[in-house]
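All remarks here apply to the structure that follows.
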Amino acid sequence: MSLLLPANLQQCPSPSLSPSTPLFSPSPPTAFSFLDSRLRCLRLVTSCVASVQSTVANGSAPAPVVVEREQIRLGLPSKGRMAADSIDLLKDCQLFVKQVNPRQYVAQIPQLPNTEVWFQRPKDIVRKLLSGDLDLGIVGLDTLSEYGQENEDLIIVHEALNFGDCHLSIAIPNYGIYENINSLKELAEMPQWSEERPLRVATGFTYLGPKFMEENGIKHVTFSTADGALEAAPAMGIADCILDLVSSGTTLKENNLKEIEGGVVLESQAALVASRRALTERKGALNTVHEILERLEAHLKADGQFTVVANMRGNSAQEVAERVLSQPSLSGLQGPTISPVYCKQDGKVSIDYYAIVICVPKKALYESVKQLRAVGGSGVLISPLTYIFDEDTPRWGQLLRNLKLKM
Ligand SMILES: Nc1ncnc2c1ncn2[C@@H]1O[C@H](COP(=O)(O)OP(=O)(O)OP(=O)(O)O)[C@@H](O)[C@H]1O
Ligand SMILES: O=P(O)(O)OC[C@H]1O[C@H](OP(=O)(O)OP(=O)(O)O)[C@H](O)[C@@H]1O
Ligand SMILES: [Mg+2]
């Protein structure tokens with residue numbers, strides 16, 4: 001079995017590694033170098049552990065010192081519904097995660113030689129961004145909010161990676177005393193809840209749940225936690241309602257539960273997150289995040305668009321442009337590209353047609369084709385777009401402003 005471990009593991013083993021994790025040495029160690037590396041590791045483990053101990057996942061925790069290491073660390077979900085999609089997204093950005101086997105928790109991206117990937121559970125990605133053991137990560141916004149608890153060290157670099165869509169929502173039974181209850185307000189005002197007998201909410205979101213209820217002025221409420229199959233709790237008599245993630249809504253429906261107006265705590269999808277300290281203090285981190293962000297933006301922007309090419313009879317490029325721009329869905333990203341089509345007739349070269357090229361949102365495709373035809377477009381060709389690299393990405397500017405590196 002090949003052992004793919006990052007070069008820096010010798011220098012700074014993560015406190016998250018199990019005690020049985022072998023200490024890797026590229027060449028057979030001498031007794032001295034082995035002892036030396038053990039001592040070095042021990043010292044560094046102690047400092048890493050100290051940094052973790054000084055950090056708890058809340059906004060007021062002191063920031064640990066940035067531990068020196070060569071590689072930038074990107075955390076990706078190790079399993080579950082976000083894992084494959086994260087790797088696929090990076091692949092679509094021409095960043096190929098090379099994982100030797102699915103049980104290996106570290107991998108490389110050859111296109112980003114200074115970056116190593118660590119596979120972790122989503123909640124641990126957030127925790128490790130806070131402890132300084134990861135620099136970047138892909139997680140759901142729900143996990144970020146729950147475990148990040150508004151800690152200022154966490155920065156959302158890209159908030160819409162286009163997968164992992166779901167929302168965190170309160171759901172109540174659709175039968176019995178709840179039959180006519182359709183909003184959070186109505187739920188809160190039910191006479192059943194009192195100090196002695198509060199509304200019982202089953203949830204895995206023990207930070208966001210109480211915060212949301214407090215923000216909504218709901219006083220008589222208690223929370224119980226469970227790791228899964230929360231939808232069973234009301235029917236089992238364990239809870240009155242649940243607060244859980246919903247995507248298709250099937251699980252709620254199958255368990256006779258319904259969402260209520262005002263009961264959505266947050267909308268979520270996958271996001272690229274970074275540690276502020278890593279970006280400002282770790283050499284190379286900002287360049288790496290810039291490259292990942294550019295690739296993501298180029299891919300995600302293109303993903304929603306088609307290239308449309310059509311021919312249009314006209315007297316001049318200007319006249320064709322005026323016709324095209326009279327239609328609301330044909331303005332493209334900056335405007336149509338219009339070029340003359342040279343035809344040879346009776347030995348003479350003439351320009352009777354112009355080719356127009358525009359990008360149109362996938363959602364507006366058919367509408368755009370109709371509008372093109374309405375202004376004389378013919379021979380409409382449509383092809384997918386792979387990447388759109390803009391001059392610069394707005395998110396990069398936002399990030400620099402957030403880091404106070406730009407006004
Ligand atoms: N229907 C859904 N239910 C739950 N999570 C969803 C759903 N749709 C998208 N997600 C996203 O997937 C994440 C959950 O992924 P996963 O199931 O791997 O993690 P987890 O259950 O939190 O992990 P663990 O089992 O280690 O506690 C959520 O945090 C959310 O961002
Ligand atoms: O709206 P839906 O598409 O039905 O998805 C929502 C369900 O998916 C998740 O559960 P998961 O499948 O992760 O199982 P678990 O709750 O037992 O962990 C979530 O906790 C909901 O129960
Ligand atoms: Mg569930």
Distance-only check: which donor-acceptor pairs under 3.5 Å involve side-chain atoms of residues 379-388, not counting sequence neighbours?
residue, atom, partner, partner atom, Å
Tyr387, OH, Asp92, O, 2.6
Tyr387, OH, Gln94, NE2, 3.1

Quiz item: So, do Ile172 and Leu257 sit near enough that their side-chain heavy atoms are less than 4.5 Å apart?
Solution: no

Quiz item: Of all heavy-atom pairs between Glu146 and Leu208, which one has the smallest distance, and what is that distance?
Solution: OE1-N, 3.0 Å

Quiz prompt | Enclosure of Glu261 CD (heavy-atom neighbours >12, cutoff 6.0 Å) | solution = no

Quiz prompt | Smallest separation among heavy atoms of Leu161 and Ala271, with atom names | solution = CD1-C, 3.6 Å

Exercise. Kindly give the heavy-atom pair with the smallest separation between Met312 and Val320, and that separation in Å.
Key: SD-CG1, 3.7 Å

Quiz item: How close do Pro173 and Asp240 get, heavy atom to heavy atom, and via which atoms?
Solution: CD-O, 3.3 Å

Quiz item: Is it the case that Lys91 places NZ or CZ above or below the six-membered ring of Phe96, under 6.0 angstrom from the centre and within 45 degrees of the axis?
Solution: no

Practice problem: Taking all heavy atoms of Gln120 and all of Ile125, pick out the closest pair and write down the distance. | Solution: CB-CG1, 3.6 Å

Quiz prompt | Shortest non-hydrogen contact from Ile72 toward Gly284 | solution = CD1-C, 3.9 Å

Quiz item: For Ser169 and Glu259, does a side-chain donor sit closer than 3.5 Å to a side-chain acceptor?
Solution: yes

Quiz prompt | Heavy atoms of other groups near Arg401 CZ, more than 12 under 6.0 Å | solution = yes

Exercise. Check the side chains of Lys362 and Gln305 for a donor-acceptor pair under 3.5 angstrom, ignoring hydrogens and angles.
Key: no

Exercise. Assess whether atom CD of Gln334 is packed by more than 12 heavy atoms of other residues, nucleotides or ligands within 6.0 Å.
Key: no

Quiz prompt | Beyond-backbone contact of Val117 with Ile87, side-chain heavy atoms, under 4.5 angstrom | solution = no

Quiz item: Is the NZ atom of Lys185 crowded by more than 12 outside heavy atoms at less than 6.0 Å?
Solution: no

Quiz item: Does any donor atom in the side chain of Ser247 or Asp165 lie under 3.5 Å from an acceptor atom in the other side chain?
Solution: no

Quiz item: Crowded around Glu214 CD? As in, over 12 foreign heavy atoms under 6.0 Å?
Solution: no

Exercise. Could you verify whether a donor N or O on one side chain and an acceptor N or O on the other, from Ser275 and Asp153, lie under 3.5 Å apart?
Key: yes

Quiz item: Between Glu116 and Trp118, is any side-chain donor less than 3.5 angstrom from a side-chain acceptor?
Solution: yes

Exercise. Report the residues that fulfil salt bridge (charged side-chain N to carboxylate O under 4.0 Å, His left out) with Glu297, sequence neighbours left out, ordered by chain and then residue number.
Key: Arg395

Quiz item: Any side-chain heavy atom of Phe212 sitting closer than 4.5 Å to one from Val201?
Solution: no

